[in-house]
Amino acid sequence: MMRRALEQARLGMYITDPNPRVGCVLVKGENVVGEGFTSPVGGPHAEVNALRAAGEAARGATAYVTLEPCSHHGRTPPCVDALVSAGIVKVVFAIGDPNPLVDGNGRARLQAAGISVESDLLANEARETNIGFFHRMTQGRPWVTVKMGVSLDGKVALANGVSQWITGEAARQDVQKQRARSSAVMTGAGTMLADDPRLTVRAGDIEMQGRRPLRVICDARLRTPANSRLFKEPGSIIVLTVSEDEAKIGALIRAGAEVLEIAADSRGGVDLSATLQLLANRGCNELLVEAGPTLSGRLLEQGLVNELLIYMAPVVLGGDARSMLALPSIGAMSERWNFKLHECTQIGGDLRLRYRIP
């Protein structure tokens, strides 16, 4: 039943942000009497949707929920109150809610109402479904995935900067799903100048239609052209800069961007740690970085990357091509950056490799 609840949670993969993806299954005897998943922000949570589906059949049932039921008033009333009012007799949740407003309080209120409570069932799977939400709540910044399309020899572009296309069509479509699940997509000024990306979700799957993650440009010197394709697409855009150039700021604002001045790092670039904190404060759970070697390398060098998502194509670009990460030289093997392979999947003719920091 918890696996079924996790399947329900994943039905909300592209719609619940910034709320967690939660699924709920109501069981009486051996029969499922109701199930549901969290609605788009402002709508009912998974438990309420399942209770509505069950109606009077919910009384006396057991609720299997992928996250500890909320116990506070936010945009919606507490799910704990709904479960108690509906006559649920037992609640099994996969993992506790890391939100300080809920953490342990949901369990306590259910038990105070006489409801039997069990937890820690398929907790790892439940955490993985909401990996960004857990990271934001516990670390104060979004889960950062750096995505790259690379050749077998670890190159992301030719020496002249041309990178379209290293990977095949299937891999590029798969990237759309990663964008769709992300709260925000971030790039740098170099990529804006070289590729003029749109950073939008372009996929035919019905559940992803209309997804518009926040688009973020790290642009210390405001080099992003105001006529970039990015500004011709609907959706919110933030340009983060250390520049005070009023003419450039005005042009970008008129183009449709929100321009925010942020602290500079020691190199005069955008302070990336402050950037991630700003995004977390705006409810960003998962950040997908689609940038060049410089910005991607700086994030990794500063310990701000959680995983590398590499689409590796069966091609070789040669010695003059651009490497995937711009990192400082190291003098000993003990100074290397270590990763752990989390996933290896064939996508069309390419490989999708997901590496995480151990």
Side-chain angles (χ1 to χ4, degrees), residues 1-39 44-51 53-54 58 61-71 78-80 82-83 86 88-111 115-139 142-143 145 177-178 181-182 207 285-286 306-307 309 340-345 352 354 356-358:
M1 289 299 103
M2 188 61 79
R3 291 197 183 282
R4 183 162 176 160
L6 284 165
E7 291 173 0
Q8 285 289 309
R10 295 181 190 113
L11 292 176
M13 181 65 68
Y14 308 111
I15 65 171
T16 68
D17 204 73
N19 289 336
R21 304 146 181 148
V22 181
C24 178
V25 174
L26 304 179
V27 180
K28 186 182 290 185
E30 297 182 355
N31 299 317
V32 172
V33 296
E35 56 190 357
F37 56 94
T38 299
S39 304
H45 291 185
E47 297 92 324
V48 173
N49 283 330
L51 290 170
T62 294
Y64 290 85
V65 193
T66 59
L67 190 68
E68 179 180 8
C70 66
S71 54
C79 290
V80 165
L83 292 167
I88 296 297
V89 296
K90 183 178 180 179
V91 172
V92 182
F93 61 85
I95 192 169
D97 191 329
N99 186 339
L101 296 173
V102 181
D103 191 9
N105 294 324
R107 172 192 286 272
R109 288 187 55 181
L110 289 168
Q111 290 175 327
I115 295 176
S116 174
V117 180
E118 294 181 11
S119 62
D120 299 318
L121 180 62
L122 301 181
N124 289 337
E125 289 90 334
R127 182 185 288 106
E128 187 71 27
T129 303
N130 286 300
I131 196 163
F133 177 76
F134 273 81
H135 197 265
R136 176 168 68 91
M137 287 294 165
T138 58
Q139 305 299 318
W143 177 268
T145 299
K177 297 179 181 179
Q178 190 69 36
R181 68 170 287 164
S182 300
E207 71 270 19
N285 292 325
E286 298 181 23
N306 297 106
E307 65 180 14
L309 180 60
K340 182 179 180 180
L341 181 62
H342 182 76
E343 175 199 357
C344 178
T345 306
R352 183 179 66 201
R354 196 180 299 269
R356 290 186 174 169
I357 301 292

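Only this structure's heavy atoms are used, side chains among them; waters, hydrogens and symmetry mates stay out.
In this structure, the side chains of Phe93 and Asp120 stay at 4.5 Å or more apart for every pair of heavy atoms. Taking 4.5 Å as the limit, every side-chain heavy atom of Ile357 sits out of range of all side-chain heavy atoms of Glu307. Looking at Thr62 and Val91, their side chains never come closer than 4.5 Å, going by heavy atoms from C-beta outward. Annotation: side chain of Leu110 is in contact with side chain of Pro69 (closest heavy-atom distance under 4.5 Å). When side chains are defined from C-beta on, Pro98 counts as touching Phe133, because their heavy atoms get closer than 4.5 Å. Looking at Leu309 and Gln178, their side chains come closer than 4.5 Å, going by heavy atoms from C-beta outward. Looking at heavy atoms from C-beta onward, Arg136 lies out of side-chain contact with Pro142 at the 4.5 angstrom threshold.
Considering only residues two or more places apart in sequence or on other chains, Arg3 meets the side-chain contact (heavy atoms from CB on, under 4.5 Å) condition with Leu122, Glu125.
Taking the ring centre of Tyr14 as origin, the terminal cationic atom of Arg181 falls outside the region bounded by 6.0 Å and 45° from the ring axis.
Annotation for Ala82 and Val48: closest pair CB-CG2, 4.1 Å, computed over non-hydrogen atoms. For the pair Met1 and Val27, the tightest heavy-atom approach, listed with the atom from each and the gap, is SD-CG2, 3.4 Å. Heavy-atom minimum distance, Val65 versus Cys24: CG2-SG, 3.9 Å. Across every non-hydrogen atom of Leu51 and Ala86, the tightest pair is CD2-CB, 3.5 Å. The nearest pair of heavy atoms linking Gly34 to Ala54 is CA-CB, 4.1 Å. Across all their heavy atoms, Gly36 and Ala46 have their closest contact at O-CB, 3.8 Å.
Looking at Asn49, Thr16, Ile15, Thr66 one by one, the single match for side-chain contact (heavy atoms from CB on, under 4.5 Å) with Phe37 turns out to be Ile15. With Val22 as the fixed residue, the side-chain contact (heavy atoms from CB on, under 4.5 Å) test singles out one of Leu67, Leu6, Asp97: Leu67.
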Asn306/His135 under side-chain hydrogen bond (donor to acceptor under 3.5 Å, both in side chains): CA gap, chis, key distance, verdict: CA-CA 10 Å; Asn306 297 106; His135 197 265; 3.2 Å; yes

- request: Start with the C-alpha gap between Glu68 and Ile95, add the side-chain angles, then the distance that decides, and say whether side-chain contact (heavy atoms from CB on, under 4.5 Å) holds.
  value: CA-CA 6 Å; Glu68 179 180 8; Ile95 192 169; over 6 Å; no

- request: Before giving the answer on side-chain contact (heavy atoms from CB on, under 4.5 Å), spell out for Leu26 and Val32 the whole-Å C-alpha distance, their side-chain angles and the decisive distance to 0.1 Å.
  value: CA-CA 6 Å; Leu26 304 179; Val32 172; over 6 Å; no

query: What's the verdict on side-chain contact (heavy atoms from CB on, under 4.5 Å) for Thr129 and Arg10, showing C-alpha distance, side-chain angles and the deciding distance?
result: CA-CA 7 Å; Thr129 303; Arg10 295 181 190 113; 4.0 Å; yes

task: Take His45 and Ser39 through the side-chain contact (heavy atoms from CB on, under 4.5 Å) test and state the conclusion after the steps.
output: CA-CA 6 Å; His45 291 185; Ser39 304; over 6 Å; no

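Ser116 OG to Lys90 NZ: the interatomic distance, rounded to the nearest 0.5 Å, is 5.0 Å. Here the CE-CG distance, from Met2 to Leu121, works out to 4.5 Å after rounding to the nearest 0.5 Å. Note that CG of Asn99 and OG1 of Thr138 are 11.5 Å apart. Values are rounded to the nearest 0.5 Å. Between atom CZ of residue Phe134 and atom CG of residue Asn285 there is a gap of 11.0 Å, rounded to the nearest 0.5 Å.
Listed by first then second residue, pairs satisfying salt bridge (Lys or Arg N to Asp or Glu O under 4.0 Å) with a partner in residues 19-39 read Arg4-Glu35, Arg21-Glu286, not counting sequence neighbours.
Contact check on Arg354 versus Glu128 returns no salt bridge, with no Lys/Arg side-chain nitrogen under 4.0 Å from an Asp/Glu carboxylate oxygen.
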